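Here the structure comes first, spelled out in structure tokens, and everything after it is commentary.
Each ligand, and each atom within it, is numbered from 1 in the order the structure gives. From a predicted model like this one, the values you see are computed outputs, not experimental measurements.
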Amino acid sequence: AKELVHAVDRILTHADEVRRMNVRANADSPEDAKAARDFGAEGIGLCRTEHMFLGDRRKLVEEMILAKDDAAQKAALEKLLPHQREDFVGIFDAMDGLPVTVRLIDPPLHEFLPDLTQLSVDLAVKEAKGEEITDEERELLTAVRQNHEQNPMLGLRGVRLGLKIPGLIRLQVRAISEAAARLIKDGKDPKPEIMVPLIGSVREMQIVRDMAVEVLKEVEEETGVKLDIPIGNMIELPRAAISADTIAGESDFFSFGTNDLTQTAWGFSRDDVEGAFFNDYFDYGIFGVSPFESIDLGGVGPLVDIAVARGRKTNPEIKLGVCGEHGGDPQSIHFFEKVGLNYVSCSPFRVPIARLEAGRAAVENETTYITQFVPTE
Ligand code: PEP
Ligand code: MG
């Protein structure tokens, strides 16, 4: 078994020598970040901050979204700030010296708010029993009803929520920059990047960028620490892929969210398909069983290709990566090598596979290049 481990290590080391793309991992806790590093990850490509608001903190998010007025919202946000700061200190420290892409919160609202049907039933039962319904309960029901969505995965998510509650963007940018400033003061080398989810138009990106830059400057002045934090966005909507030329003017990097991009390109509900008709689609080969079709990533590939070309045209320096499930999928990794992404990001356990495939893909591309230009007899 020891020999096998050595052999695998040798192969991976060789793949690392030849590969062109970097391999990062998706992680949102210091433990996962450490595991990713042990598997050879060269950074975190996606830190899903909504995962940091589950458990005990869910209540605070609910308070913030359902706040009656600005003062109540501000108070809820202030309670969240120290938690967020500590989250980031932990994860930046675990990845010291390597990039950590922190995605601003992207919660489908239904994961954070009480269920409308349940709440209505509970109150109706109370009323039927002749118990009194308090003003507070009535207000909660109204607020939940106002925020209820039929399709939360296509609703007030990602940047849309951030624009509705600008304090939320400010809070997260502040927590990221305060955490980085503190670590720099301690002699560490944190490398955070701020990523905006579900961008559909350059206007959204401009507004978020202006807010983020303002907060970064505030924190620089308060702490006396110079911060250099790239601000980029996810490409998860066909509209974003098509308008990548304009968005790239406001963005330091793109990361392809192929989970949502598949949902939005095909019109599938990602929460419903897996147990339903989706498998038939695989069985019928609609996503492609032939190598040619699968390179297409089920139709999502051309959108990636378009966004890469248009993004680089406006901003030749733009960094490009992928952090959806395709980032850890061998065939897709070959596609990403071909379109010229800078990195793939996948679950920590898939990092070794991704390193290997990125190496193979680089060699394959080189071979294609050579055979193309060697004159045949
Ligand atoms: C994606 O949409 O591909 C993505 C990485 O984001 P999430 O899965 O968190 O929506
Ligand atoms: Mg997504």
Side-chain angles (χ1 to χ4, degrees), residues 23-29 32 36 41 43-54 61 87 91 99-112 149 151-162 172 193-201 204-205 208 232-241 244 247 251 253-274 278 287 297-301 303-304 307-308 319-329 331-333 335-336 339 341-351 354:
V23 176
R24 299 194 193 180
N26 298 351
D28 26 73
S29 68
D32 284 357
I44 300 295
L46 173 62
C47 168
R48 290 179 165 103
T49 56
E50 59 278 9
H51 291 176
M52 297 167 166
F53 292 118
L54 296 171
V61 178
D87 292 330
I91 198 157
V100 177
T101 310
V102 180
R103 180 175 73 183
L104 300 182
I105 192 167
D106 180 16
L109 283 190
H110 68 299
E111 283 182 17
F112 285 94
E149 296 178 311
N151 288 310
M153 293 303 281
L154 294 170
L156 190 61
R157 275 181 60 195
V159 67
R160 301 166 191 171
L161 181 71
Q172 291 201 290
E193 302 173 344
I194 295 171
M195 179 155 77
V196 192
L198 222 73
I199 281 287
S201 102
E204 292 166 331
M205 197 57 198
V208 178
N233 66 282
M234 295 195 66
I235 302 278
E236 307 176 90
L237 301 172
R239 192 186 195 286
I247 299 173
S251 199
F253 61 90
F254 286 161
S255 181
F256 292 94
T258 49
N259 308 336
D260 275 305
L261 197 53
T262 304
Q263 162 170 270
T264 51
W266 279 84
F268 286 147
S269 154
R270 62 186 271 193
D271 280 349
D272 295 319
V273 287
E274 275 157 35
F278 195 60
F287 278 141
L297 309 190
V300 174
L303 287 169
V304 174
V308 166
K319 290 271 175 312
L320 302 168
V322 55
C323 61
E325 290 303 312
H326 290 86
D329 167 61
Q331 275 192 330
S332 306
I333 290 170
F335 173 82
F336 297 132
V339 295
L341 296 196
N342 301 96
Y343 66 88
V344 296
S345 189
C346 56
S347 120
F349 298 101
R350 297 201 70 85
V351 165

* Asked: Among protein heavy atoms, which lies nearest atom 9 (O) of ligand 1, and at what distance?
  -> R48 NE, 2.7 Å
* Under-4.0 Å heavy-atom contact with ligand 1, by part of N26 that carries it -> neither
* Atoms of ligand 1 less than 4.0 Å from G324 heavy atoms? -> 3 (O), 5 (C)
* Asked: Atoms of ligand 1 less than 4.0 Å from E236 heavy atoms?
  -> 1 (C), 2 (O), 4 (C), 6 (O)
* Structure fact -> To the Mg ion (ligand 2), the closest N, O or S atom belonging to E236 is OE1
* Determine the minimum heavy-atom distance between T264 and P238, stating which atoms define it. => OG1-CD, 3.2 Å
* Looking only at heavy atoms, which two atoms of D32 and A27 are closest? And how far apart? -> CB-CB, 3.6 Å
* To do: Compute the shortest N/O to N/O distance between T258 and ligand 1 and return yes if it is under 3.5 Å, no if not.
  => yes
* **Of all N/O/S atoms in D260, the name of the one nearest the Mg ion (ligand 2)** => OD2
* Specify the protein heavy atom at minimum distance from atom 6 (O) of ligand 1: its residue, its atom name, and the distance to 0.1 Å. => R103 NH1, 2.9 Å
* Asked: With a 4.0 Å heavy-atom cut-off (strictly under), which part of H51 contacts ligand 1: side chain, backbone, both or neither?
  -> neither
* Distance, nearest 0.5 Å, that separates CE of M52 from SG of C47 -> 3.5 Å
* Can you find an N or O of D260 that's nearer than 3.5 Å to an N or O of ligand 1? -> yes
* Structure fact -> Nearest heavy-atom contact between F112 and F53 is CE2-O, 3.3 Å
* Flag, side chain of S255 to backbone of M234, donor-acceptor distance under 3.5 Å -> no
* To do: Taking only heavy atoms of G257 into account, list the atoms of ligand 1 that are under 4.0 Å away from them.
  => 1 (C), 2 (O), 3 (O)
* Structure fact -> Scanning both residues in full, the closest heavy-atom pair of C323 with N26 reads O-ND2, 3.1 Å
* Structure fact -> Between I235 and L261 the two heavy atoms that sit nearest each other are O-CD2, 4.2 Å
* Asked: Hey, is E325 one of the residues with a heavy atom under 4.0 angstrom from ligand 1?
  -> no
* NE2 of H51 to CG of D106: how many Å apart, nearest 0.5 Å? -> 9.5 Å
* **Where ligand 1 meets L46 - atom numbers and elements under 4.0 angstrom, heavy-atom basis** => 5 (C)
* Structure fact -> Residues T49 and L104: closest non-hydrogen pair is OG1-C, 3.5 Å
* Asked: Is it true that E193 and R24 make a salt bridge, defined as a side-chain N closer than 4.0 Å to a carboxylate O?
  -> yes
* **Any M153 heavy atom less than 4.0 Å from ligand 1** => no
* Structure fact -> ligand 1 to C323, heavy atom cutoff 4.0 Å, flagged ligand atoms 5 (C)
* Asked: Can you list the atoms of ligand 1 that are under 4.0 Å from a heavy atom of R157?
  -> 10 (O)
